[in-house]
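Below is one structure, written out as structure tokens; comments come after it.
These numbers come from the heavy atoms of this one structure, side chains and all, not from hydrogens, waters or symmetry mates. In this text, all values refer to a predicted model and were calculated from it rather than measured experimentally.
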Amino acid sequence: MGIVKRVKGIAAQDGAGVKLSRIINQPTFKHQDPFLMLDEFRSDDPDDYIAGFPPHPHRGFCTLTYMLAGQMEHEDSVGNQGLVGAGGVQWMKAARGIIHAEMPKQTDGLMWGFQLWINLPAKYKMDEPEWFDYKTDTIPEVELQNGILRLIAGNYDDKQGPVSLPEQRLFIADLRLNEKAREQLALAQHTTQLMYVYQGALLLDGERVERGELAVLDRQAATLDVTADQDSGAMILMGDALGESISQYGPFVMNTPEEIEQAIRDYQQGKLTQG
């Protein structure tokens, strides 16, 4: 019961030089099946984010972009285009292959959000790609006694988050608690249970977790006791492990090195997005 591991993000850069904190998939904290990567980008200095993430390929997994502040534009090789702002979600199932760009739609101000990579089972890795744009007013909110729970995936109190995958149990939510709040969250148990505190600090089953820390949870109880001594926020990431081998080369995540080599060849030959 309680916290079995704590992890702090490390400074990193991605895209065309966007400065970020890499939490999952850093050297000492690799894939947390089915979650492959978690990045937080947060800066009010345009030089840290303005170059964005120009066109780049993906194959074999899904990306989820969730914004807390600022605006990011998406455009891809399938013809999708959208703009995500504070509280919104962009969900992309890259599957067999897609080339996309995510570029800031602002030249000043705070840009703050997350990118999460979620693995796909082998039998779905070569499916058709999909993309969805969920505006902030389409994300269900559960009113707590002293805060809210914004549901991105999974259900709580008869409300259902919009993101889902076939045969995969996921619970992804943004928990926001007011100062001196205490909540008993009835969360279904999953094989992988993570919570990343992005604002303030929380007591999880009596153990304090500060901003910038991710807690790996080992819960045997049916509820999670969460207390905030100040206004606080956390991303809850829960899922059942796929238990499949993972072979990754940058933006390609497959099951074997041979499949990675094929993905690279397909990209070099302009065939990545072809059926």
Open item on the list: For K19, is there an ion pair with D45 - N to carboxylate O distance below 4.0 angstrom?
Closed with: no
Task: Co-members of M92 in a cluster of I, L, V, M, F, W and Y side chains, linked at under 4.5 Å - done: V78, I98, W131
Task: Set of residues satisfying salt bridge (charged side-chain N to carboxylate O under 4.0 Å, His left out) with respect to E40, sequence neighbours excluded - done: R211
Task: With sequence neighbours excluded, residues passing side-chain hydrogen bond (donor to acceptor under 3.5 Å, both in side chains) with D44 - done: none
Task: E259 CD to S247 OG distance, which is reported to the nearest 0.5 Å - done: 8.0 Å
Open item on the list: Do R59 and P251 make a side-chain contact, defined as non-hydrogen atoms from C-beta onward lying under 4.5 Å apart?
Closed with: no
- [ ] Could you tell me the separation between the CD atom of E102 and the OG1 atom of T63, rounded to the nearest 0.5 Å?
- [x] 6.0 Å
Open item on the list: Quick check: do Q168 and P121 have side-chain heavy atoms less than 4.5 Å from each other?
Closed with: yes
Task: Flag if over 12 foreign heavy atoms under 6.0 Å of CG, D137 - done: yes
- [ ] Mind checking the CD-CG spacing from E183 to L149? Nearest 0.5 Å is all I need.
- [x] 9.5 Å
Open item on the list: Main chain of N178, side chain of N146: is a donor-acceptor contact present, judged purely on distance under 3.5 Å?
Closed with: no
Open item on the list: Taking side-chain contact (heavy atoms from CB on, under 4.5 Å) as the criterion, tell me which of I24, I23, V7 meets it with L194.
Closed with: I24
Open item on the list: When you measure from the side chain of E143 to the backbone of Q145, do you find a donor-acceptor pair of N or O atoms at a distance under 3.5 Å?
Closed with: no
Task: Closest non-hydrogen atom pair between C62 and W91, with its separation - done: CB-CH2, 3.5 Å
Task: Side-chain heavy atoms of V209 within contact of M195, under 4.5 Å - done: no
Task: Short N-O contact, E167 and K123, less than 4.0 angstrom - done: yes
- [ ] Determine, stepwise, if the pair I172 / Y66 fulfils side-chain contact (heavy atoms from CB on, under 4.5 Å).
- [x] CA-CA 11 Å; I172 302 171; Y66 178 60; over 6 Å; no
- [ ] Would you indicate whether the side-chain heavy atoms of T136 and R150 approach each other to under 4.5 Å?
- [x] yes
- [ ] Verify whether one side chain among Q32 and T192 offers a donor that lies under 3.5 Å from an acceptor in the other.
- [x] no
Open item on the list: With rounding to the nearest 0.5 angstrom, report the OG1 to CZ distance, T191 to R169.
Closed with: 8.5 Å
Open item on the list: Quick test of your reading of the model: are R208 and D229 salt-bridged, counting only N-O distances below 4.0 Å?
Closed with: yes
TODO: Dump the intermediate steps for side-chain contact (heavy atoms from CB on, under 4.5 Å) on V89 and L64, then the final yes or no.
DONE: CA-CA 7 Å; V89 172; L64 187 156; 4.0 Å; yes
Task: Value rounded to 0.5 Å, distance of NE2 in H190 from CD1 in I236 - done: 11.0 Å
TODO: Determine whether W117 and F35 fall in the same hydrophobic cluster, where Ile, Leu, Val, Met, Phe, Trp and Tyr are linked whenever their side-chain heavy atoms lie under 4.5 Å apart.
DONE: no
Task: Verify same cluster id: F114, V216 (apolar side-chain graph, 4.5 Å) - done: yes
Task: With sequence neighbours excluded, residues passing side-chain hydrogen bond (donor to acceptor under 3.5 Å, both in side chains) with E244 - done: N255
Open item on the list: For a 4.5 angstrom cut-off between non-hydrogen side-chain atoms, does V253 reach K125?
Closed with: yes
Task: Minimum heavy-atom distance between G87 and I139, given as atom pair plus value - done: O-CG1, 3.6 Å
Open item on the list: Please determine whether the number of non-hydrogen atoms from other residues, nucleotides or ligands lying under 6.0 Å from atom NZ of K180 exceeds 12.
Closed with: no
Task: Student check: side-chain heavy atoms of K93 and D127 closer than 4.5 Å - done: yes
Open item on the list: Please check: side-chain N/O of D39 versus main-chain N/O of Q115, any donor-acceptor pairing under 3.5 Å?
Closed with: no
Open item on the list: Quick check on K135: does its NZ atom have over 12 non-hydrogen neighbours (other residues, nucleotides or ligands) under 6.0 Å away?
Closed with: yes
TODO: Please name the pair of heavy atoms, one in S232 and one in G200, separated by the smallest distance, quoted to 0.1 Å.
DONE: OG-CA, 3.6 Å
TODO: Examine I152 and Y134 and state if one hydrophobic cluster contains both, with Ile, Leu, Val, Met, Phe, Trp and Tyr joined whenever side-chain heavy atoms are less than 4.5 Å apart.
DONE: yes
Open item on the list: Which label fits F61 and H58: parallel for a plane angle under 30°, tilted from 30 to 60°, or perpendicular past 60°?
Closed with: perpendicular
Task: Between Q268 and R265, a side-chain donor and acceptor under 3.5 Å - done: no
- [ ] Would you please classify the geometry between the Y156 ring and the F171 ring as parallel, tilted or perpendicular, with 30° and 60° separating the classes?
- [x] tilted
- [ ] Looking only at non-hydrogen atoms, find the nearest pair between K159 and L151 and report the distance.
- [x] O-CD1, 3.4 Å
Task: Exercise: identify the closest heavy-atom pair between Q193 and A188 - done: OE1-O, 4.1 Å
Task: Distance, nearest 0.5 Å, that separates CD of E73 from NZ of K105 - done: 4.5 Å
- [ ] Starting from the C-alpha separation in whole Å, work towards a yes-or-no answer on salt bridge (Lys or Arg N to Asp or Glu O under 4.0 Å) for R22 and D14.
- [x] CA-CA 10 Å; R22 179 146 296 163; D14 213 330; 2.9 Å; yes
- [ ] Begin from the C-alpha positions of M238 and L187 and carry the test side-chain contact (heavy atoms from CB on, under 4.5 Å) through to its verdict.
- [x] CA-CA 9 Å; M238 296 187 174; L187 302 175; 3.7 Å; yes
Task: Taking every non-hydrogen atom, the tightest pair across A201 and E210 - done: CB-OE1, 3.6 Å
TODO: Check whether any side-chain heavy atom of L217 lies under 4.5 Å from a side-chain heavy atom of I3, and answer yes or no.
DONE: yes
Task: Same apolar cluster (I L V M F W Y, side chains within < 4.5 Å links), L203/L185 - done: no
Task: Worked verdict on K8 versus F29 for side-chain contact (heavy atoms from CB on, under 4.5 Å) - done: CA-CA 10 Å; K8 288 188 176 182; F29 192 66; over 6 Å; no
TODO: Could you identify which residues cluster with F41, counting Ile, Leu, Val, Met, Phe, Trp and Tyr as linked when any side-chain heavy atoms lie under 4.5 Å apart, either directly or through a chain of such contacts?
DONE: V18, L20, Y49, I50, F53, M67, M72, V84, M111
Open item on the list: If you define the side chain from C-beta out and look only at heavy atoms, does anything of R182 sit under 4.5 Å from D225?
Closed with: yes
TODO: State yes or no: do F132 and L170 share one hydrophobic cluster built from I, L, V, M, F, W and Y residues joined by side-chain heavy-atom distances below 4.5 Å, directly or via other members?
DONE: yes
- [ ] Using the side-chain contact (heavy atoms from CB on, under 4.5 Å) rule, pick out the option among Q81, H56, Q90 that qualifies with H100.
- [x] H56
Task: Hydrophobic cluster of Y267, others only, ordered by chain and residue number, side-chain cut-off 4.5 Å - done: I99, M126, Y249, F252, M254, I260, I264, L272
